[in-house]
Amino acid sequence: QVQLVESGGGLVQAGGSLRLSCAASGRTFSNYALGWFRQAPGKEREFVAGIGWSGSTTYYADSVKGRSTISRDNAKKTVYLQMNSLKPEDTAVYYCAADLSPVSRYAQRYDYWGQGTQVTVSS
C-alpha cells in the first residue's frame with residue numbers, strides 16, 4: 001500500500017514554470033510505477049506523464065511533450081513533474097498515481113491516487 005500527497009500547484013502566468021511534487025508514504029515505493037494525470041472542469045481525466053519503477057522508462061502526452069519532465073527520487077519517495085512554457089490549457093487539477101504494473105497511460109491501471117493539486121495558468 002502507498003499513500004500519495006501532491007503539492008506545488010498554484011497560479012502561474014502563461015509561459016511560466018511549475019514543479020509539482022508527489023510525496024509517498026508506505027512500506028513500498030521503489031517498485032511502483034508513477035503517473036501524473038490531470039482533469040479540468042467538465043472534462044475527463046487525462047494522462048500527462050508516467051515513469052517506471054527504475055526511472056528508465058518515461059512516457060508523455062503529446063500535449064506536454066518537450067515542455068515537461070517527470071522524475072523520481074526513490075530515497076525521498078517522491079515523484080516530480082517539471083512543467084515549463086505553461087499554457088492556459090494546462091489549467092487543471094493534477095493527480096499523481098501509483099501502480100505495481102509497468103508504467104501505463106491508462107488511469108484504470110493505477111491502484112493508488114493522491115487528492116490532487118490545482119494548477120491555474122492565466123493568459
For this session: Please examine the side chains of S17 and Q82, heavy atoms only from C-beta on, and report whether any two atoms are closer than 4.5 Å.
Result: yes
Exercise. At what distance, to the nearest 0.5 angstrom, does OG of S71 lie from CZ of R19?
Worked result: 7.5 Å
Exercise. For the residue pair R109 and S104, what are the closest heavy atoms and their distance?
Worked result: CG-OG, 3.5 Å
Seminar exercise, completed: Taking every heavy atom of S122 against every heavy atom of L11, the minimum-distance pair comes out as CB-CD1, 4.4 Å
Seminar exercise, completed: Note: G114 and Y95 closest approach over all heavy atoms is O-CD2, 3.5 Å
For this session: Return the minimal non-hydrogen interatomic distance between V2 and A24, and the atom names on each side.
Result: CG2-CB, 3.6 Å
Exercise. Is a donor on one side and an acceptor on the other found under 3.5 Å between the side chain of R67 and the backbone of S85?
Worked result: yes
Exercise. What's the spacing between R45 CZ and Q108 CD if we round to 0.5 Å?
Worked result: 12.0 Å
For this session: Examine V48 and V12 and state if one hydrophobic cluster contains both, with Ile, Leu, Val, Met, Phe, Trp and Tyr joined whenever side-chain heavy atoms are less than 4.5 Å apart.
Result: yes
Exercise. Is there a donor-acceptor contact under 3.5 Å from the side chain of E6 to the main chain of L20?
Worked result: no
Problem set entry | Atom pair CG (L4) and CG (L34), whose distance is rounded to the nearest 0.5 Å | 7.0 Å
Exercise. Does CD in E44 sit with more than 12 non-hydrogen atoms of other residues, nucleotides or ligands closer than 6.0 Å?
Worked result: no
For this session: Consider only side-chain heavy atoms of I, L, V, M, F, W and Y, link residues closer than 4.5 Å, and tell whether V103 and W113 are in one cluster.
Result: yes
Exercise. With hydrophobic residues grouped by side-chain heavy-atom distances under 4.5 Å, do V119 and M83 end up in a single group?
Worked result: yes
For this session: Could you tell me whether the side chain of T69 reaches within less than 4.5 Å of the side chain of Y60, counting heavy atoms only?
Result: yes
Problem set entry | Option among V121, T120, V64 that satisfies the side chain to side chain contact (heavy atoms under 4.5 Å, CB included) test with L86 | V121
Problem set entry | Q3, CD atom: more than 12 neighbouring heavy atoms under 6.0 Å | no
Exercise. What's the spacing between D99 CG and Y32 OH if we round to 0.5 Å?
Worked result: 8.5 Å
Exercise. Does the side-chain contact (heavy atoms from CB on, under 4.5 Å) test come out yes or no for I70 and Y80, once each step is laid out?
Worked result: CA-CA 6 Å; I70 187 171; Y80 305 95; over 6 Å; no
Exercise. Between K76 and S21, is any pair of side-chain heavy atoms under 4.5 Å apart?
Worked result: no
For this session: State plainly whether one hydrophobic cluster holds both F47 and L81, where clusters connect Ile, Leu, Val, Met, Phe, Trp and Tyr through side-chain heavy atoms under 4.5 angstrom apart.
Result: no
Exercise. Are F37 and Y110 close enough, and set up right, to give a ring-ring contact (aromatic ring centres under 6.0 Å, His included), and what steps lead you there?
Worked result: CA-CA 11 Å; F37 294 78; Y110 291 84; 5.4 Å; yes
Exercise. Which atoms form the tightest heavy-atom contact between G9 and T117, and what is the distance?
Worked result: N-OG1, 3.2 Å
Problem set entry | Carboxylate-amine/guanidinium contact D62 K65, below 4.0 Å | yes
Problem set entry | Minimum heavy-atom distance between A92 and A40, given as atom pair plus value | CB-N, 3.9 Å
For this session: Give a yes or no on this: more than 12 heavy atoms of other residues, nucleotides or ligands lie within 6.0 Å of atom CD of Q115.
Result: no
Problem set entry | Pairwise distance CD(Q118) to OG1(T91) - rounded to 0.5 angstrom | 7.5 Å
Problem set entry | Over 12 foreign heavy atoms within 6.0 Å of CD, Q13 | no
Problem set entry | Over 12 non-hydrogen atoms of neighbours within 6.0 angstrom of OH in Y112 | yes
Exercise. If you draw a 6.0 Å radius around CZ in R105, do more than 12 non-hydrogen atoms from other residues or ligands fall strictly inside?
Worked result: yes
